[in-house]
Amino acid sequence: MLTVAHPTISRRLLQLAPAAALTAAVVGLASCGENKDPQALPGKALAKDYGCMACHSTDGAAGVGPTWKGLYGSQVELEGGETVTVDREYLVRSIVEPSADVPAGTKVPMPVNRIPDEDVQLIVDYIISLK
Ligand code: HEC
């Protein structure tokens, strides 16, 4: 089932890219200034537009991929046995290069995407805010 779903998701990700960039620009303008409410961060809308939420929850619920709640700063055991602490660099790499740092017990690979670096950074800001 998932082998069928994956190409569809990546194709949709590519189609959504320009729309997401536009959303980012609009949301970015709207949320000028200091705003620490995760619900108001532009990364939230981006993650939704890029289809990330199909596999990741923000409330701790299990999904196809690990929940984003409390992910930042947590310890993740990787395939191969090494345990790492999730920092900003780890989050960025997980998105840009999904085949790197795969958590132990992963059954489905995360799809490859082509997300512009500035959007990746905004999504990472959002993930970090999800305590
Ligand atoms: C088809 C399901 C799927 C989609 C869509 C998806 N992911 Fe994932 N994601 C996974 C799986 C499975 C893993 C764990 C395996 C791995 O790292 O490849 C993962 C891992 C991650 C991790 C690292 C988590 C950890 O504990 O190491 C981050 C961060 C992440 N994804 C962000 C994203 C973002 C941002 C998007 C949207 C652009 C996204 N994912 C879309 C399935 C998905």
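We count ligands from 1, going down the list as the structure has it; atoms in each ligand are counted the same way.
Within ligand 1, the atoms closer than 4.0 Å to a non-hydrogen atom of Ile115 are 38 (C), numbered from 1 in the order shown. Interface atoms of ligand 1 facing Thr106, defined by a heavy-atom separation under 4.0 Å, are 14 (C), 15 (C). Residue Gly51 has at least one heavy-atom neighbour below 4.0 Å for each of these atoms of ligand 1: 5 (C). For ligand 1, the atoms lying closer than 4.0 Å to a non-hydrogen atom of Pro98 are 16 (C), 17 (O), 18 (O). Each of the atoms 12 (C) of ligand 1 lies under 4.0 Å from some heavy atom of Val64. Applying the 4.0 Å criterion to heavy atoms of Leu91 picks out, from ligand 1, the atoms 29 (C). Atoms of ligand 1 found under 4.0 Å from any heavy atom of Ile123 (numbered from 1 in listed order, with element): 35 (C). Atoms of ligand 1 lying under 4.0 Å from at least one heavy atom of Tyr90, given by number and element, are 25 (C), 27 (O).
Atoms CD1 and CD1, on Ile128 and Ile123 in that order, are 12.5 Å from each other to the nearest 0.5 Å. The distance from atom CG of Leu122 to atom CD1 of Ile115, rounded to the nearest 0.5 Å, is 11.0 Å.
With atom 37 (C) of ligand 1 as the reference point, the heavy atom nearest to it among Pro111, Pro66, Ala104, Cys52 is part of Cys52. Remark: among candidates Ala100, Cys55, Pro103, the nearest residue to atom 42 (C) of ligand 1 is Cys55, based on non-hydrogen atoms. Proximity annotation for atom 19 (C) of ligand 1: of Glu97, Met110, Arg114, Met110 comes nearest, heavy atoms only.
With a 4.0 Å heavy-atom cut-off, ligand 1 is reached by the side chain of Leu71 but not by its N, CA, C or O. At a 4.0 Å heavy-atom cut-off, ligand 1 does not touch Val120 at all. Only backbone heavy atoms of Val108 (N, CA, C or O) come within less than 4.0 Å of ligand 1; its side chain stays farther off. With a heavy-atom cut-off of 4.0 Å, His56 touches ligand 1 through its side chain alone. Contacts of Ala47 with ligand 1, taken as heavy-atom pairs under 4.0 Å, are absent altogether.
Pairing each heavy atom of Thr85 with each of Gly73, the nearest pair is CG2-O, 3.7 Å.
Between Leu41 and Gln39, the closest side-chain pair of non-hydrogen atoms is not below 4.5 Å. Under the 4.5 Å side-chain criterion, counting only non-hydrogen atoms from C-beta, Tyr72 is not in contact with Val124. Residues Val112 and Glu97 fail the side-chain proximity criterion, which asks for heavy atoms closer than 4.5 Å.
For the pair Ser94 and ligand 1, the shortest N or O to N or O distance does not fall below 3.5 Å. On a distance-only criterion, Ile95 and ligand 1 share no N/O pair closer than 3.5 Å.
Within 6.0 Å of the CD atom in Glu89, the count of heavy atoms belonging to other residues, nucleotides or ligands does not exceed 12.
Assignment of Ala54 to the shell around ligand 1 is not supported, since no heavy atom sits closer than 4.0 Å.
Side chain of Arg88 to backbone of Gln121: a donor-acceptor contact under 3.5 angstrom is found. Under the 3.5 Å distance criterion, the side-chain polar atoms of Asn113 are matched with a main-chain donor or acceptor of Ile95.
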Result block: side-chain N/O donor-acceptor pairs under 3.5 angstrom for residues 59-71, not counting sequence neighbours:
| from | atom 1 | to | atom 2 | distance (Å) |
| --- | --- | --- | --- | --- |
| Asp59 | OD1 | Ser57 | OG | 3.2 |
| Asp59 | OD1 | Ala61 | N | 3.0 |
| Thr67 | OG1 | Ser57 | O | 3.0 |
| Thr67 | OG1 | Ser57 | OG | 2.8 |
| Thr67 | OG1 | Gly60 | N | 3.0 |
| Thr67 | OG1 | Lys69 | N | 3.3 |
| Trp68 | NE1 | His56 | ND1 | 3.2 |

Residues 101-110, side-chain donor-acceptor partners within the protein, below 3.5 Å, at least two apart:
| from | atom 1 | to | atom 2 | distance (Å) |
| --- | --- | --- | --- | --- |
| Asp101 | OD2 | Arg93 | NE | 2.8 |
| Asp101 | OD2 | Arg93 | NH2 | 2.6 |
| Thr106 | OG1 | Pro103 | O | 2.6 |

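Remark: Asp49 does not engage Lys44 in a salt bridge, criterion side-chain N to carboxylate O under 4.0 Å.
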